[in-house]
Amino acid sequence: MSTSLYAFLKGKEDRETQDSSPKPYAEPREFSSQAKEGEGKGDEAKESPKPEGYLSLNLARAYVLSVAYDGEGKRAFLKLYNEADHRIYLWFDDSGHKPYCLSDLTPKELEGISALMNHPGFVGFDVVKKYDALADQERTMTKIVASDPLAIGGRPTGCIRDIIPKAWEAEIKYHECYIFDRDIAVGMPYKIEDGKLIKIDFKPPPEVEKSIESLFKDESEEFKDMARRWVELLECPVPSLRRAALDIEVASTVPTRVPNPREAKEPIVAVAFSASDGRRRILLLRRSNVKAPLPMSIGMPSLPEAEVEAFESEVDMIRRTFQIIEDYPIILTFNGDDFDLSYLYHRALNLGFDRKEIPIVMGRESASLRHGIHLDLYKFFFNRSIQVYAFSQKYREVTLDDVGASLLGVGKMELEKPISELDYESLATYCLQDADITLSLTTMDEDLIMKLIIVLARISHTTIEDLSRQGVSTWLRNMISYEHRRRGWLIPRSEDLLEVKGFTATKAIIEGKKYRGAEVIEPEPGAHFNVSVLDFQSMYPSIIRRYNLSYETVRCPHPECQKNTIPGTPHWVCGRRRGISSLVIGSLRDLRVRWYKSRAKEKGLPKALANWYGVISNSLKVVLNAAYGVFGAESFFLYCPPVAEATASIGRYAIIETIRQAQAIGMKVVYGDTDSIFLKAPEASKIEKLMDWSVERLGMELDIDKVYRYAVFSSRKKNYLGVFQDGSVDIKGLTGKKRNTPLFLQKAFFDMIRILSEVKSAEEFDEAKERITELVKTCYTKLKNRQYSLEELAFNIMMSRAIEGYVKTKPQHIKAAELLAQKGIEVTAGDIISFVKVVGPTGVKPVQLASIKEIDVEKYVGYVESTFQQVLDALDIDLKEILGATRLEFFMPG
DNA sequence: GCGGACTGCTTACCT
DNA sequence: ACAGGTAAGCAGTCCGCG
């Protein structure tokens, strides 16, 4: 069959949803006139929808969201999101592309390997020329073509990559290989004409093109070419994606245990959908232990906008759930990989469903949909880079409750009873609320997350499913692998890279680390007025760009390049070729710094466009921030410690030289960390001079990041407070701000900050001093009189592993966790333990089990002192001295 | 047997 | 599984003390 477009359709669902809802259904259905030709006539309620055949359809504009492998047809296929009807279409490869790996042996030599020749998956040879960047030479390689991906690798034994002596590019997943080779632009629009997949060319508006051309006019052709390709991917608009969030509830017999999805022993009692088209649905199962009558489809008083469907049989409810899942192109969950979809899948099997009736495909670490896309937001929010750089650590625990509360201001509903004892109405409300929150996480800020995912998928050539589940190192791997394939470069084998460049030459300050990192300048203690902070924008990416750093250019094979030494290291860098990662990362850096960052802030831009540029700027930030670190990470496919080491070393050189220069022209440097220097009352002309010097001597742009009315330093590094002109305050590293600090102390600390933010001159510190002293006294009194609640007194510390994992020492929060476990309260890795300090043998108790009477007041007083002292040290205030006498009298009995 | 000096572990932060 | 550098508090150990 040569025409290979196949539409996935259902008949009954469409009719039913239209009948049951008075609301207009958002999507036009004109496509269905063609599609109905292939529609099954069977009973849909019994027979789950399945491919009805291949249709010769035309799609005007559809976006590639994913690429996968069809084991039955032995070929790759695309999941396309059709803009006209907001549905997913599958397009199957029509080129006969096959899996392969590369060998340095000739076909003749390979023919001598009988295990290869007799391998059932072996198809044939193809001789290809590849450029070996490590050796800087052309190589003739043999492509060993196989019938299916598992023949190359993936099985424990007998794979082709294990049979031949040395295999290149054998670790690449087949669907990735297909994306690279066929240049499938993930997240970009295509059209389909008579079954042929055709990319829709996108050209940015001429004025954008012009601005960018002029920004890069002094760069090399290859740099410009790279930038142009990025711009095409980034400027192309994204469609609004139709989606539904899913959440299920299971009646567990043991309320404190999360039901095991693989066993799926207990019934699913509720399923909620909350969708971008405005529909909110709740499916409920009748339970014998609930006396109240089952609410009928008319709905519930407390959920007026929700459509309620009640079921006598779990099988029917699950079947209905599958219908709704199939109706949406994208299903959102929060932990659906490990729970909701997995439970649905296994429960359905337990209840006698046939695999073909289940729209879910279980992978080893994920649950995907046969036709649609499953986005597990838990995995995405868990990603450290997303957490830190895209959301500035606004949420701390990766739970629906914490993420929802932090980003949306809406947390989970509190339950007073276990799920199995809830009445229908509470259960429905609870379940639907979770689905609502999950959906809202993707609709907030004008669909920020959906856009973020699309932008990241485009630049990294990674499917939506992989992108949302994997870390930055995978994104960068795909980005750089793609560039290798595009150029006909051989992707190096990790072993080969390790053998020549697997060592470092500097000594880390922290024991156990591989190489020396950033420079931190000793702060000048005290309060300094008019402090300007200068920093190198995207310092490490700038270094990688400017100094041509890449795995093949650092310690390149050319003797004449050895004179291009890297300061602080025995390494050198190539002067003959442009490094591939220098180009890829460097061009992204320039686009962010010179174009997107400023465009996002530009006034007068249409709101939607400004928002889009903001998303791009943020996406690039996430990728750029990791671009240096990956070269020092053993798990990275281009792990190359000399590259990471060289980057850090040039960074130290840059900041140290910049400080030297600042001092030479008469400026006072009061602090600096990695890429920033803090200047005390600098003259504008001198700053200008320093910035010019930096461009000329270091080839890197220095910027004014912020200006403080005054900044306060103690003698501690990475600890300071800066008050801006408008009275807002930057607090860095101080205990009072840390999230594990008890609430009462955080509050008192911020009261002090408020006092300090009002200080305008050195003279005003005296008054502030007095007010702060009063503040601390009040704090002492309240502690002594036990006027704080246990919650306010609690320390909140994350348990990074299970209790059994603490073998070397037993920290306080683990002691508290043990007490909880004894009471039968489940605690797991990732939980935050709230405990208070008490007098008595244990020293600590979890909040739930403590009483205010046993609080160890002395311990808390010590905490108050040290927290305040961090700031007051710098202001020459000694709390002990001022409060010494007071403190004693507070604690005299009576 | 006990307290201070010390080291190592753990967490949370900064860039 | 992106990196290294810093602070703080506590757990555990060693050593001296007649």
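Predicted model, so just to flag it, every value in this text is computed and none were measured. Every chain is numbered from 1 and lettered A, B, ... according to where its sequence line falls, protein lines coming before strand lines.
- When heavy atoms are screened at a 4.0 angstrom cut-off, Arg384(A) is found touching no nucleic acid atom at all.
- Comparing Asp673(A) and Arg396(A) by the nucleotide of DNA chain B that holds the closest heavy atom to each, the one mapping nearer the 5' end is Arg396(A).
- Using a cut-off of 4.0 Å between Lys/Arg side-chain N and Asp/Glu carboxylate O, Glu792(A) and Lys747(A) are scored as salt-bridged.
- Contact of the Leu698(A) side chain with the Trp693(A) side chain is registered, since non-hydrogen atoms from C-beta on lie closer than 4.5 Å.
- Rounding to whole angstrom units, CG of residue Asp675(A) and C1' of dT15(B) are separated by 6 Å.
- Backbone-only engagement by Tyr720(A) is indicated by non-hydrogen atom pairs under 4.0 Å involving sugar-phosphate atoms exclusively.
- Base engagement by Gly629(A) is indicated by at least one non-hydrogen atom pair under 4.0 Å involving a base atom.
- Atom pair Arg652(A):CZ and dA3(C):C1' shows a separation of 13 Å (rounding to whole Å applied).
- Contact annotation: Tyr671(A) side-chain N/O to dT15(B) OP1/OP2 distance is not under 4.0 Å.
- Residue Lys738(A) has no polar side-chain atom (N or O) positioned under 4.0 Å from OP1 or OP2 of dC14(B).
- Comparing dT15(B), dC2(C), dG4(C) by their nearest atom to the side chain of Val630(A) picks out dC2(C).
- A heavy-atom distance below 4.0 Å to DNA chain B is reached by none of the residues of residues 463-476 of chain A.
- Regarding contacts with the backbone of dG12(C), every side-chain N or O of Lys810(A) stays at 4.0 angstrom or more from both OP1 and OP2.
- In the region residues 632-646 of chain A, proximity to DNA chain C at under 4.0 angstrom, judged on heavy atoms, holds for Gly632(A), Ala633(A), Ser635(A).
- At a threshold of 4.5 Å between non-hydrogen side-chain atoms, the residues Cys779(A) and Phe749(A) do not count as touching.
- Salt bridge present: Glu854(A) and Lys845(A) bring a charged side-chain N and a carboxylate O closer than 4.0 Å.
- One interatomic measurement links the two molecules: CD1 of Ile731(A) to P of dA7(C), which rounds to 18 Å at whole-angstrom precision.
- Ser866(A) comes within contact range of the sugar-phosphate backbone alone, with a heavy-atom separation under 4.0 Å but no base atom that close.
- Taking the six-membered ring where tryptophan is involved, the planes of Phe744(A) and Tyr788(A) are tilted, since the angle between them lies from 30° to 60°.
- For Glu397(A), the side-chain hydrogen bond (donor to acceptor under 3.5 Å, both in side chains) criterion is met by no residue, not counting sequence neighbours.
- With salt bridges taken as basic N to acidic carboxylate O contacts below 4.0 Å, one links Arg589(A) and Glu701(A).
- Comment: Glu818(A) does not engage Lys815(A) in a salt bridge, judged by the lack of any side-chain N to carboxylate O separation of less than 4.0 angstrom.
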**Message:** Checking Ser649(A) against Arg516(A) for the side-chain hydrogen bond (donor to acceptor under 3.5 Å, both in side chains) test, could you report, in this order, the C-alpha distance in whole Å, the side-chain angles of both residues, the deciding distance, and whether it holds?
**Reply:** CA-CA 7 Å; Ser649(A) 188; Arg516(A) 187 87 182 260; over 6 Å; no
**Request:** Starting at the 5' end of nucleotides 2-10 of chain B, put B wherever the base has a protein heavy atom under 4.0 Å, S where only the sugar-phosphate does, and a dash everywhere else.
**Result:** -------SS
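- The separation between Tyr628(A) atom OH and dC14(B) atom C1' is 13 Å, rounded to whole Å.
- As judged by a 4.0 angstrom heavy-atom cut-off over every strand, Lys837(A) is placed among residues touching the sugar-phosphate backbone only.
- Between Tyr551(A) and His484(A), the two ring planes are parallel [angle under 30°; tilted spans 30° to 60°].
- The nucleotide whose nearest atom lies closest to any side-chain atom of Lys718(A) is, among dT6(C), dA8(C), dA12(B), dT6(C).
- For the pair Pro523(A)/Lys717(A), a side-chain contact is recorded, criterion being any heavy-atom separation below 4.5 Å from C-beta on.
- In this entry the distance linking CD of Glu397(A) with P of dA12(B) reads 10 Å, nearest Å.
- Here Tyr389(A) lies in heavy-atom contact (under 4.0 Å) with a base.
- The distance between atom CD1 of Ile797(A) and atom P of dC13(B), rounded to the nearest whole Å, is 11 Å.
- At dT11(B), none of the side-chain N or O atoms of Gln812(A) fall inside 4.0 Å of OP1 or OP2 (strictly under the cut-off).
- Regarding Ile543(A), its CD1 atom lies at a distance of 18 Å from the P atom of dA3(C), rounded to whole Å.
- For Asp376(A), there are no side-chain hydrogen bond (donor to acceptor under 3.5 Å, both in side chains) partners two or more places apart in sequence or in a different chain.
- Computed from coordinates, the Asn740(A) CG to dC13(B) P distance equals 6 Å when rounded to whole Å.
- Every residue was checked against the salt bridge (charged side-chain N to carboxylate O under 4.0 Å, His left out) condition with Lys737(A), not counting sequence neighbours, and none meets it.
- Of the candidates dT6(C), dA7(C), dG9(C), dA7(C) carries the atom nearest the Asn719(A) side chain, counting heavy atoms from C-beta on.
- Of the listed nucleotides (dA11(C), dA8(C), dG5(C)), dA8(C) has the atom at the smallest distance from the side chain of Arg716(A).
- For Tyr515(A), taking side-chain heavy atoms from C-beta onward, the closest of the listed nucleotides dG4(C), dA12(B), dC10(C) is dG4(C).
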